[in-house]
2 protein chains.
Amino acid sequence: MSVIEESAEALLTPAEVAARFRVDPKTVTRWANAGKLSSIRTLGGHRRYRRDEVDALLTEHGLPETMPTES
Amino acid sequence: MSVIEESAEALLTPAEVAARFRVDPKTVTRWANAGKLSSIRTLGGHRRYRRDEVDALLTEHGLPETMPTES
DNA sequence: CCCTATTCGGGTAATTTGGGGA
DNA sequence: AATGTCCAAATTACCCGAATAG
């Protein structure tokens, strides 16, 4: 399995989601428990998160106003 | 799982941005509210800031490249 | 020097987050 | 590596007053 295929995976581990939000994996688990983030369970009981959902939440927010030219 | 994710985490906490600008964390929040700085929200409502943007703002003053002795 | 608008920091209360340990 | 729980630190949003331009 090469590294390139990984960017196409649809599911993210808790650590990967935590890294993208710059929070602890525990916090991601809290979000899932609070129903703020949909999760899928592995057969071992651990959670996986939808990558498109995470990416959508990451890009939610606002760009700064168009910065006029410094001239 | 590979290590490629590491380089993608470019988010700063409010305290980290405040430290770079030598201001209060509240002031950074004020900049975000004013739209001067783009922010990403955690699902709990806390803000994360893009390191690229912060670094760009810190260096965009056009400081002279030659920094002689500060005597 | 005075006046005015903006920015910054202090204080409080409520929520979220992170560290340590089970 | 991940889960669930307890507690301290961080962040948020609100107020207000002081410092800084212009």
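Note on naming: letters A, B, ... go to the chains in the order of the sequence lines (proteins, then strands), and numbering restarts at 1 for each one.
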_Once rounded to the nearest 0.5 Å, what's the spacing between atom CZ of A:F21 and atom CG of A:L37?_
7.0 Å

*Minimum heavy-atom separation for B:S39 to B:Y49, with atom names?*
CB-CE2, 3.8 Å

_Interatomic distance, B:T42 atom OG1 to A:R30 atom CZ [nearest 0.5 angstrom]_ = 11.0 Å

*May I have the distance from B:E16 (atom CD) to D:dA9 (atom C1'), rounded to whole angstrom?*
15 Å

_Nearest 0.5 Å, please: how far is CD1 in B:I40 from CG in B:L12?_
11.0 Å

*asked:* It should be established whether A:R47 places a side-chain nitrogen or oxygen under 4.0 Å from OP1 or OP2 of nucleotide D:dA2.
replied: no

*Inter-axis angle, terminal five-pair segments of the helix from C:dC3-D:dG22 to C:dG19-D:dC6 [nearest 10°]*: 40°

_Using a 4.0 Å heavy-atom cut-off to protein, can you give one letter per nucleotide of nucleotides 10-20 of chain C, 5' to 3': B if the base is in contact, S if only the sugar-phosphate is, - if neither?_
BB----BBBBB

*Quick one: closest heavy-atom pair of B:D24 and B:A18, and the distance?*
C-CB, 3.9 Å

*May I have the distance from A:L37 (atom CG) to D:dA2 (atom C1'), rounded to whole angstrom?*
15 Å

_Between D:dA2 (P) and A:L11 (CG): distance, integer Å_ = 14 Å

*Could you check which nucleotide pairs with D:dT3 in any of the strands shown, counting Watson-Crick or G-U wobble with both distances under 3.5 Å?*
C:dA22

*asked:* So B:R51 and A:R22, do their side chains get closer than 4.5 Å, heavy atoms only?
replied: no

*Once you round it to whole Å, what is the distance between C1' of D:dT3 and CZ of A:R41?*
9 Å

*Identify the two heavy atoms, one from A:R47 and one from A:R41, that lie closest to each other, and give their separation to 0.1 Å.*
NH2-NH2, 3.1 Å

*Donor-acceptor pair, B:R48 side chain versus B:L11 backbone, under 3.5 Å?*
no

